[in-house]
Asker: 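Below you will find the structure I want to go over with you.
Remember, predicted model here, so these are calculated numbers, not experimental data. Note that ligands are numbered from 1 as they come in the structure, with each ligand's atoms numbered from 1 the same way.
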Amino acid sequence: MTNPYSPISRLLHHRTQRISKGEPAALPIIASSTFHQPGDPDGTHFYGRNGNPTVEEVEEEIGIIEDADVVLFPSGMSAIASVFYAHLRPGDRMLVHSDGYYNARALLAAQLEPMGVHVQAVATADFAAADFTGVKLALIETPSNPGLDVCDIAAVAAKAKSAGTILVADNTTASPLCQRPLDLGADISVMADTKAMAGHSDILAGHVASRNGALMAPVRTWRRLAGAVVSPFDAYLLHRGLETLELRVARANANAMAIATALSGDPRVSGLRYPGLAGDPAHAVARRQMKGYGPIVSFCLESREAAEGFIERHPLAAAATSFGGVHSSAECRIRWGDRVPAGFIRFACGVEPVADLVAATLAALDKP
Ligand SMILES: *Cc1c(COP(=O)(O)O)cnc(C)c1O
């Protein structure tokens, strides 16, 4: 019988519905690099780089959420790298966001461009108007991290499809509970599971998802040959995080919306961005394609010094990079060379009670 319930319910009972009497209800960590495999290989497990039962269980769980085939990686960057190395060859043309996660562009500049891949950067907000003629692959990121611009995934996908371009969407900022790039026409969705999916700031992980087997086969081959495999211990922690994904995402989104609402119109703050705010330039497109607007709010204070003071005074925000964890965190993105004003803060909401986080944020804005 097919299960009519939501992906989260099916994820939670993926294991309980299949185990036999006496087996552990919790996911076992199978810590083994090698497996009993006498004689000729018979398709069962034989070596950790080729497959591990704990890792495969977590791939199936994420596959339920994505409604797609999923390959797990030890970081978001290795997931992105697998797509580049699986699908780009010398002479190919590709488009990449100019304002999304900087390491994707850094990888292209350091490794793929010297091998003869032609890379053109396009601003997230301009992607639907970009020229896809002769483009092999395009990587979009919406909402973009950290500027929070968006592009219309369905419109970009229509252009990519008619040009024969493989459209890859980095869905880390939103997470698949808030936005479903594969449903909107993207060929491949990539994510840093380091962020909301694992959700506790204790592991790095990433995944590639697609409903197109021909696009996934070379990704799987690259992982096996390059050896970019996640450990079963980290896969277990990701599984543990996934079990509370919906609860954490709902609270973090509520926190972000409440903070954005509290800061809008506040004279101490400029350049406030949150795609969930009705007045945000990204809101019209975001509302069409997102079910929730994610945990990140960005805004500027008048200087780097003012921004660092705010972060230092904030009692409920860790001074740390990354997002999607249970603790709120904040940082000045200029320290990583992002093209943002000196006083630009990326505020990443955790799961603190909403009233506490809003009160603490407003209080930290007051100069001592
Ligand atoms: C963090 C992040 C990545 C990279 O993930 P790692 O696990 O740190 O390698 C990629 N894309 C986006 C949008 C991210 O926020």
Asker: Against the six-membered ring of Tyr101, is Lys195 placed for a cation-pi contact (under 6.0 Å from the centre, within 45° of the normal)?
Answerer: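 Yes, a cation-pi geometry holds between Lys195 and Tyr101.
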
Asker: Using a distance-only test with no angle check, is there a side-chain donor-acceptor pair under 3.5 angstrom linking Glu61 and His239?
Answerer: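 There is such a pair between these side chains.
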
Asker: List, ordered by chain and residue number, the protein residues whose closest non-hydrogen atom lies under 4.0 Å from any atom of ligand 1.
Answerer: Ser75, Gly76, Met77, Ile80, Tyr101, Glu141, Asn145, Asp170, Thr172, Ala192, Thr194, Lys195, Ala205, Phe323

Asker: Quick check against the 3.5 Å criterion: does Glu23 have a side-chain atom that pairs as donor or acceptor with the backbone of Ser20?
Answerer: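 Indeed, once roles are kept as given, a pair shorter than 3.5 Å links the two residues.
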
Asker: Under a single-linkage rule joining Ile, Leu, Val, Met, Phe, Trp and Tyr whose side-chain heavy atoms are separated by less than 4.5 Å, which residues share a cluster with Leu272?
Answerer: Met257, Ile259, Leu263, Val269, Tyr274, Leu277, Met290, Tyr293, Val297, Phe299, Leu301, Phe310, Ile311, Leu316, Ile345, Phe347, Val354, Leu357, Val358, Leu362, Leu365

Asker: Does the side chain of Ser201 pick up a donor-acceptor pair with the side chain of His327 at under 3.5 Å?
Answerer: no

Asker: Going by atom types only, do Asn212 and Ser210 share a side-chain donor-acceptor pair under 3.5 Å?
Answerer: no

